[in-house]
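Worksheet: the structure to be examined is printed underneath.
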Amino acid sequence: MGRGNHSTVTEFILVGFSDVPELRYLLFPLFLCIFTISLCAHMFLIILYRFSTNLHTPMYFFLANFSFLEICYILTITPKMLVNILSDDKTITLCGCALQMFFFLILASTECYMLAAMAYDRYYAICQPLLYNVIMSRNTRFKLILGSWIIGLTVAAIQTPLTFYLPFCGPNKINHFYCDIPPILALACTDTQLNEIATFIIVLCLIVGAFLLTMVSYMQIIRTIVKHHSTAGMKKSFSTCTSHLIVVAIFYVSGSVMYLRPKLSYGTDVDKFLSLMYAIIAPLLNPFIYSLRNIDVKYAVTKMICNMKITE
């Protein structure tokens, strides 16, 4: 499947939401607002975790790293999407498209296993509290985060060359708002069955593997909560677990529908909506679901505000 002399496409056109041009002046401020709030919320949480001593625990170490991941996610997709909404020139070079896909795959794959690592952390915090600080040492936490990024990098290093090694000889319109695997494969002027099978297998192993690790942890957590905790303890523990599970559900449901199909067909408005869910909406909701409704975070915010007033 080499390029040979058939690959004449040097740039792509990201169609995005140009099929509804009358909405561009509504979509731009909406997505700009989401982008700004998401970016500020995650940056604020990282600063809060860094300077609030009561948040220097394994759980908030993972949440700080998760916020950093989400910031990278936002910056990889949203700025180009915002430019394309208002601009008549919606082109992206072949190299630029490959880079965007590469970083997107790193971040999406890393998120799968970072969510699993966070579930693993909650398992020991609730099910093995006496061993928690010993097992979730700084070295262990670092290895879990590093391992998640290594998996993400490996997936991207395999999938991106597999996709862009294909010949593209036109058309060059990507029916999406960023460079994703399915719409790119739809533009290749050769049989993409092997690529579709490879993508399906990689994503299946990635999603199912991380999902099973996450679900096993939470099943053990729920069993422990029901068996040993008081009513007040159950309420607090379930509140934390529910927050985590909401994030997991949004990410895995939308991602599974997008990629785990018998055949990678693409181009419907439903596909764009699903992509919006995990690429745009989820990063907006995550800081509020995970952190800002948390009692410890509320206390840290209150303390920071009080310290600022005293300083003034």
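In this text the structure is predicted, and so the values were computed from the model without any measurement. Reckoned from all heavy atoms, side chains included, excluding hydrogens, waters and symmetry mates.
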Determine, stepwise, if the pair T76 / Y178 fulfils side-chain contact (heavy atoms from CB on, under 4.5 Å). CA-CA 9 Å; T76 298; Y178 68 93; over 6 Å; no
Please answer whether the main-chain N or O of [Y] pairs with a side-chain N or O of [X] as donor and acceptor at a distance below 3.5 Å.
| X | Y | result |
| --- | --- | --- |
| N195 | L162 | yes |
| K90 | N84 | yes |
| D191 | Q193 | yes |

Do [X] and [Y] make a side-chain contact, defined as non-hydrogen atoms from C-beta onward lying under 4.5 Å apart?
| X | Y | value |
| --- | --- | --- |
| L276 | F177 | yes |
| I280 | L284 | no |
| V208 | Y252 | no |
| L187 | P183 | no |
| L206 | I151 | yes |
| N172 | T10 | no |
| V248 | M215 | yes |
| L14 | I174 | yes |

If hydrophobic clusters are built from ILVMFWY residues whose side chains come within less than 4.5 Å, do [X] and [Y] share one?
| X | Y | answer |
| --- | --- | --- |
| V15 | M81 | no |
| V216 | I221 | no |
| I158 | I150 | no |
| I13 | L185 | no |
| L213 | M219 | no |

Do F31 and F35 have their ring centres less than 6.0 Å from each other? no
Spacing of [X] atom [atom1] and [Y] atom [atom2] [to the nearest 0.5 Å]:
| X | Y | atom1 | atom2 | value |
| --- | --- | --- | --- | --- |
| S275 | D180 | OG | CG | 6.0 Å |
| I135 | Q128 | CD1 | CD | 6.5 Å |
| E11 | C97 | CD | SG | 11.0 Å |
| I225 | C127 | CD1 | SG | 7.5 Å |
| L153 | L107 | CG | CG | 11.0 Å |
| I222 | S217 | CD1 | OG | 11.0 Å |

At their closest point, which heavy atom of [X] faces which heavy atom of [Y], and how far apart are they?
| X | Y | result |
| --- | --- | --- |
| I184 | M101 | CG1-CE, 3.7 Å |
| A98 | T160 | O-CG2, 3.6 Å |
| L45 | P287 | CD1-CB, 3.4 Å |
| K80 | T91 | NZ-O, 3.0 Å |
| L166 | A188 | CD1-CB, 3.9 Å |
| L55 | A300 | CD1-CB, 3.8 Å |

If the condition is side chain to side chain contact (heavy atoms under 4.5 Å, CB included), which residues does L30 pass it with, not counting sequence neighbours? I34
Partners meeting side chain to side chain contact (heavy atoms under 4.5 Å, CB included) with L130 (sequence neighbours left out): none
Using the side-chain contact (heavy atoms from CB on, under 4.5 Å) definition, which of the options M136, M114, M118 pairs with L144? M136
What pairs of residues pass the side chain to side chain donor-acceptor pair (under 3.5 Å) test when at least one of them lies in [range], not counting sequence neighbours?
| range | result |
| --- | --- |
| residues 139-152 | S137-T140 |
| residues 94-118 | none |
| residues 43-62 | Y49-S291, Y60-N294, Y60-D296 |

Quick one: sort the Y120 and Y124 rings into parallel, tilted or perpendicular, breaks at 30° and 60°. perpendicular
List the residues meeting salt bridge (Lys or Arg N to Asp or Glu O under 4.0 Å) with D89, not counting sequence neighbours, and say none if there are none. none
Review item, side-chain donor-acceptor pairs of residues 61-73, under 3.5 Å, at least two apart:
from, atom 1, to, atom 2, distance (Å)
N65, ND2, F61, O, 2.8
S67, OG, H42, ND1, 3.4
S67, OG, L63, O, 3.2
E70, OE2, N286, ND2, 2.4

Sequence neighbours excluded, which residues qualify as disulfide (SG to SG under 2.5 Å) partners of C112? none
Only counting residues at least two apart or in another chain, list the ones meeting ring pair (Phe, Tyr, Trp, His ring centres under 6.0 Å) with [X].
| X | result |
| --- | --- |
| F251 | none |
| Y132 | none |
| F12 | F168 |
| F28 | none |

Just do the side-chain contact (heavy atoms from CB on, under 4.5 Å) check on L75 and F103 with the steps written out, would you? CA-CA 10 Å; L75 294 176; F103 286 114; over 6 Å; no
